[in-house]
Q: 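Following this message is one structure expressed as structure tokens.
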Amino acid sequence: MLGKFRPRHYLLSTTLLGSAACISPAYAQDAPGEETTIEDSSPIVVTGSRIQNPNLEQSSPVQVVGETEIGLRQATNAEELIGDLPGVSPGANSAVNNGGAGFASLNLRGVGTNRNLVLLDGTRLVPSSLLSETDLNIIPVALIERAEIVTGGASSVYGADAIAGVANFITKRDFAGVELASTVGITERGDGARYRFDVTVGANFDDGRGNAVLSVGYQKVEPVLQGGRAVSRDTYFLDGSLVGSGTTTPTRINNRIYNPADGALRDYVGSRDAYNFAPANYFQTPLERYNLFGAAQYEVADGIEVYAKGMFTRSKVQLSLASSGMFGDTWQLPLNNPFLPDAVRSEVCASNAISAADCAAAGAATSPNDPAYREVATVINRRFIEAGPRIRNLTTNQFQLWAGVRGSITDSIKFDVYGLHGESDRKNSNINWGLKSRVQQALRANSTTECADPSNGCVPINLFGDGTDISDEAIAFFNQPAGSTVSTRLSVVSGSISGELGNFLAGETPIGFALGAEYRKYGAEQVSDVAFGTQDEVLGTGAPSPSFSGAYDVKEIFGELIVPIVEDVPGIYSLTAEAGIRLSDYSNTGTSTTWKAGGTWEPFRGYKIRGIYQHSVRSPNISELFTPITTGLANLAEDPCQGSNPVGNAALTAICIAQGAPAGTIGNIPAPSSGQINQTAGGNPDLDVETADSYTLGLVVTPPQLPGLAITADYYHIKITDAITLPTPSDVFGPCFEEGDAAACALIRRNPLNGSLNGGGDTPGQIALLTNQGTITTSGVDLRINYGLPTGFGRLNFDLSGNWTEQSKFQASPTSINRECVGQYSTNCGFFAGEITPKYSFNLRATAQIDDFGDISLLWRWLDGSDYERILDADGIEPDYLHIPSYSYFDLTYRAKVADIFTLTLSVQNLLDKDPPLVSNYVGTTALNSGNTYPTTYDVLGRRYSLTASMRF
């Protein structure tokens, strides 16, 4: 080994692009059921095929969240309905603050939110991001009849992006009447209030030939601050010590901190001088949303129906971070700054080999035109606590329209032709962040009241004093708002026919088929103001967001067959084969083919074996292709070149210098600021498609001898090759500092002034290249058991859904580590953005339906324990942070029909008030390892209550 660098310190985030690009870059901070359901015994035509014949069994496993479960959950949005199901990994949601994008995304199987589809009534929804992610918040929950999740791949049926599967939200059809619903909720600690109000009106007309429905909804979620929970009021480092941000008050100059007592600089001591950034961050981000959804259909002739739908969503999400500041960038410090103490000026001069005489003359210069005037390149850290927290407001307006005609060609053949168009605009407005150019302008001051350049109303900034001396006028000058707007568009024209071709061999059930064609066009752009699009201009934002745009389209034809081969013979109650193919022509990546083949065998009635093999292809999205290369932020707990590490180690010293550290900084290179370093990354227009091969093999048991029992168990295996990914931390830092690999070391570029991995645009940090070299593999078993039985007092229902994840592996390139991350956490693990994938998990709901009293339901959610990534060296890490035990959460719900038209539902979530695990703020990525825990996996809000009242008439 070349230095005191241990593998446990490979804590560099991969969240900027590629697999994790669905979460926004972290900002400077701040720190180190199946085919049937219990409540409905009628046949369900499940998602996963365009063949709409309820007598034909599809081979793909489908998990159903029915209307009863939807009511018991009292969800504010669709993400809450499916986000904690076994097999669904955390995506972006209201618990993601630093790195949040203002929407909720789906992460099936933990292979990335850009590798699954979210559908509404089997059709696509306009993406909400440049990475083709769909915001689950736009789903009209009040009209959802059920949600169906197909995992293991569905690209041959629904097209690209469905590598991991689809979530299809199915709306109520032919709704008639008026339904009013209101939900209110609050935590036991009195914060995080939630409100939801929905009005749905529907009617049949013209003797039932037509139906129209309109639903209007409003949701509001109030914030929960990390300062309001014990686990997150302070910030803990890997060794268990209290730490904070090196961007603090009073001001740090070249890694030494100003001492107001004597006006000089002294050594910075993190345990004493660091800034506690935690309290201002959100555990639950506030949201306000309005939804409007309408649909109508009319039978214009026998068997011919025209239909239309429309939806509009306006949402506002707010993110909050600790105060902005000067985060260790290189600044030009005028030696005549009127607030600069003499002792500080003298030390700055001495460190830059400026004589005492020249220093005194420069300090007395009256303006930049004075011959004695001088500026010195200086690393400055200063927290602008006077300005208050950084606020990011994300306002989204989304609409989508559908229109189509469907009906029967013959008694056995149906058709459906439709078009849709959707648009989404998300405006990002940053408040209290500050502009670097204006702070620099305010540093160049001729007096305490006059800037050398008075343009734009410049007011001088005082970085000294006791750390609270920046005037309101100076803050107003440099705290100009900055922002951008991300716009996405989707247009689709699709037509298909499906039906029956007649019987095959001696079977009674006819062959089912579907044929169709589809055209899709995607467009997106990011339009930023000058400040937000300029590298290093908006303070504390990490990467800038330059304006850019991109578009592509795809033409496809597809077909499916489900063939009943043998029926009702000895040893074969039914035997069915299934196949599907989709031919695609992308304007950006050319032609590709996806296909599936499978079947079901039911040797005895009620005992079925099913399996399917699917080959899927995903074309790169607009972000992966066209995002400009910029320098942002990633995670690194310790730099191998920091402090005394290189001293006396010639090989390590040579590497640090070769990466851009000045020779004079060896022995004094600062540690990463708040556990974050710079990372340079962007899109790659030369990317090609990634491919996936997946298969599932399972059992379905619905024994006639035991009515009400349904058991399904399915093994799944997904392998993605040529995956579009970024290198993991170990792929760069390991080969460089452990093996001396010159190519890896060349991907690390340091601050030219102090040798750190922090700074402005002059410090690339780690250079991360987006390529098609990755491989992703996941496999496991899904289990579902439903059982309902009558009792003397009513009925008992049990619903168990569980998942065993056998493997979850990621390899960034053929020479990289093939990392296994099941039940493990670190910044290397969690392919989306550092999420935890437990080895085992299950949800068990037990419901007692009691006559004349109502329903009492208990939901038990269980997560297996997890460990700090086992291949990493744990030396020096607090032992309590190396393991998270198994977790159980209990939610208790009571629902009563108070009157024929009035129902009340009362729930207590996290009934036992279980606290989240404390594992420090530095074991994982900034986005998902926040507040010393994992708030997207574990409940950080505590016990809370919700009440829903609904009227239907």
Q: Is the closest basic N to carboxylate O distance between Asp121 and Arg173 below 4.0 Å?
A: no

Q: Would you say the side-chain atoms of Asn929 pair up with the backbone N or O of Gly924, donor to acceptor, closer than 3.5 Å?
A: yes

Q: Taking the side chain as C-beta and beyond, is there a heavy-atom pair between Leu106 and Ile82 under 4.5 Å?
A: yes

Q: Give a yes or no on whether a salt bridge exists between Lys897 and Asp855, defined as a side-chain N under 4.0 angstrom from a carboxylate O.
A: no

Q: In terms of side-chain heavy atoms, does Glu79 have a donor or acceptor partner in Ser105 at a distance below 3.5 Å?
A: no

Q: Looking only at side chains, do Ser857 and Arg845 share a donor and an acceptor under 3.5 Å apart?
A: yes

Q: Arg314 and Asn397: side-chain donor and acceptor closer than 3.5 Å?
A: yes

Q: Tell me every residue that passes salt bridge (Lys or Arg N to Asp or Glu O under 4.0 Å) with Asp913, counting only those two or more places apart in sequence or in another chain.
A: Arg189

Q: Taking side chain as C-beta onward, heavy atoms only, is Phe384 less than 4.5 Å from Leu539?
A: yes

Q: Quick one: do Arg73 and Asp84 make a salt bridge, cutoff under 4.0 Å?
A: yes

Q: Taking all heavy atoms of Ser128 and all of Phe103, pick out the closest pair and write down the distance.
A: O-CE2, 4.1 Å

Q: Among side-chain atoms of Asn393 and Gln318, is any donor-acceptor pair under 3.5 angstrom?
A: yes

Q: How many angstroms lie between atom CZ of Phe842 and atom CG of Leu85, to the nearest 0.5 angstrom?
A: 14.0 Å

Q: Can you check whether Leu911's main-chain N or O pairs, donor with acceptor, with Arg943's side chain at less than 3.5 Å?
A: yes

Q: Once side chain to side chain donor-acceptor pair (under 3.5 Å) is applied, do any residues pair with Gln400, and if so which ones, sequence neighbours excluded?
A: none

Q: What about Tyr290 and Tyr218, are their ring centers closer than 6.0 Å?
A: yes

Q: Please report the shortest heavy-atom distance between Pro916 and Val231, naming the atom on each side.
A: CG-CG1, 4.0 Å

Q: Can you tell me if Glu69 uses its side chain to pair, donor with acceptor, with the backbone of Val65 under 3.5 Å?
A: no

Q: What pairs with Tyr945 under ring-ring contact (aromatic ring centres under 6.0 Å, His included), at least two apart in sequence or on another chain?
A: none

Q: Do the side chains of Pro140 and Ser215 get nearer than 4.5 Å, heavy atoms only?
A: no

Q: Considering non-hydrogen atoms only, spot the tightest contact between Arg233 and Ala278 and give its length.
A: O-CB, 4.1 Å

Q: Between Arg383 and Ser323, is there a side-chain donor-acceptor contact under 3.5 Å, judged purely by atom types and distance?
A: no

Q: Arg392 side chain to Gly100 main-chain N or O, any donor-acceptor pair under 3.5 Å?
A: yes

Q: Are any of the side-chain heavy atoms of Thr926 and Gln676 separated by less than 4.5 Å?
A: yes

Q: Do Asn291 and Thr313 have side-chain atoms, one donor and one acceptor, less than 3.5 Å apart?
A: yes

Q: Test your reading of the model: is there a side-chain donor-acceptor pair from Gln284 to the backbone of Glu222, 3.5 Å cut-off?
A: yes

Q: Residues two or more places apart in sequence or in another chain: which of them pass side chain to side chain donor-acceptor pair (under 3.5 Å) with Thr183?
A: Thr948

Q: Applying side-chain contact (heavy atoms from CB on, under 4.5 Å) to Ile139 and Leu125, what does each step give before you reach the verdict?
A: CA-CA 10 Å; Ile139 303 296; Leu125 293 165; 3.6 Å; yes

Q: Can you check whether Pro279's main-chain N or O pairs, donor with acceptor, with Asn276's side chain at less than 3.5 Å?
A: no

Q: Among all residues two or more places apart in sequence or in another chain, which pass the side chain to side chain donor-acceptor pair (under 3.5 Å) test with Ser946?
A: Gln74, Gln909

Q: Under 3.5 Å, side chain of Asn428 to main-chain N/O of Ser528, donor-acceptor pair present?
A: no

Q: Would you say that Arg390 contacts Ser324 through its side chain, given a criterion of any heavy-atom pair below 4.5 Å between the two side chains?
A: yes

Q: List the steps and the verdict of side-chain contact (heavy atoms from CB on, under 4.5 Å) for Tyr887 and Lys914.
A: CA-CA 9 Å; Tyr887 259 68; Lys914 182 79 170 179; 3.5 Å; yes

Q: Which heavy atom of Leu319 sits nearest to which heavy atom of Val96, and what is that distance?
A: CD2-O, 4.1 Å

Q: Which pair of non-hydrogen atoms, one from Arg194 and one from Ser94, has the smallest distance, and what is that distance?
A: NH2-OG, 4.1 Å

Q: Can you name the salt bridge (Lys or Arg N to Asp or Glu O under 4.0 Å) partners of Arg289, sequence neighbours left out?
A: none

Q: Is Thr541 reaching over with its side chain to a backbone N or O of Val538, donor-acceptor style, under 3.5 angstrom?
A: yes

Q: Of the non-hydrogen atoms in Val141 and Ala75, which two are nearest, and what is the gap between them?
A: CG1-O, 4.4 Å

Q: Do side-chain atoms of Asp939 reach the backbone of Gly942 as a donor and acceptor pair under 3.5 angstrom?
A: yes

Q: Does Asn430 use its side chain to pair, donor to acceptor, with the backbone of Gly483 at less than 3.5 Å?
A: no

Q: To the nearest 0.5 Å, how far apart are CZ in Phe312 and CG in Leu292?
A: 8.0 Å

Q: Take Thr200 and Val213, measure what side-chain contact (heavy atoms from CB on, under 4.5 Å) needs, and give me the verdict at the end.
A: CA-CA 7 Å; Thr200 304; Val213 63; 3.9 Å; yes

Q: Atom OG1 in Thr285, atom CG in Asn98: separation rounded to 0.5 Å?
A: 12.5 Å

Q: Working to the nearest 0.5 Å, report the span between CD of Glu835 and OH of Tyr825.
A: 15.5 Å

Q: Is there a side-chain contact between Trp862 and Tyr889 (heavy atoms, below 4.5 Å)?
A: no

Q: Between Asp198 and Arg196, is the salt bridge (charged side-chain N to carboxylate O under 4.0 Å, His left out) condition met? List the steps.
A: CA-CA 7 Å; Asp198 295 284; Arg196 177 183 154 201; 2.5 Å; yes

Q: Any side-chain heavy-atom pair from Ser930 and Thr933 closer than 4.5 angstrom?
A: no

Q: Please report the interatomic distance CH2(Trp433) to CZ(Phe532), rounded to the nearest 0.5 Å.
A: 7.0 Å

Q: Under a 4.0 Å N-O cut-off, is there an ion pair linking Arg124 with Asp161?
A: yes

Q: With side-chain contact (heavy atoms from CB on, under 4.5 Å) as the test, would you mind laying out the steps for Arg489 and Val126 before giving the verdict?
A: CA-CA 6 Å; Arg489 297 174 302 281; Val126 61; 5.6 Å; no

Q: So, Ser487 versus Asp425: side-chain donor-acceptor pair below 3.5 Å or not?
A: yes

Q: Is there side-chain contact between Leu131 and Thr113, with at least one heavy-atom pair below 4.5 Å?
A: no

Q: Check Glu67 with Lys172, please: is the shortest side-chain N to carboxylate O separation under 4.0 Å?
A: yes

Q: What distance do Leu225 atom CG and Asp191 atom CG have between them, rounded to the nearest 0.5 Å?
A: 8.0 Å

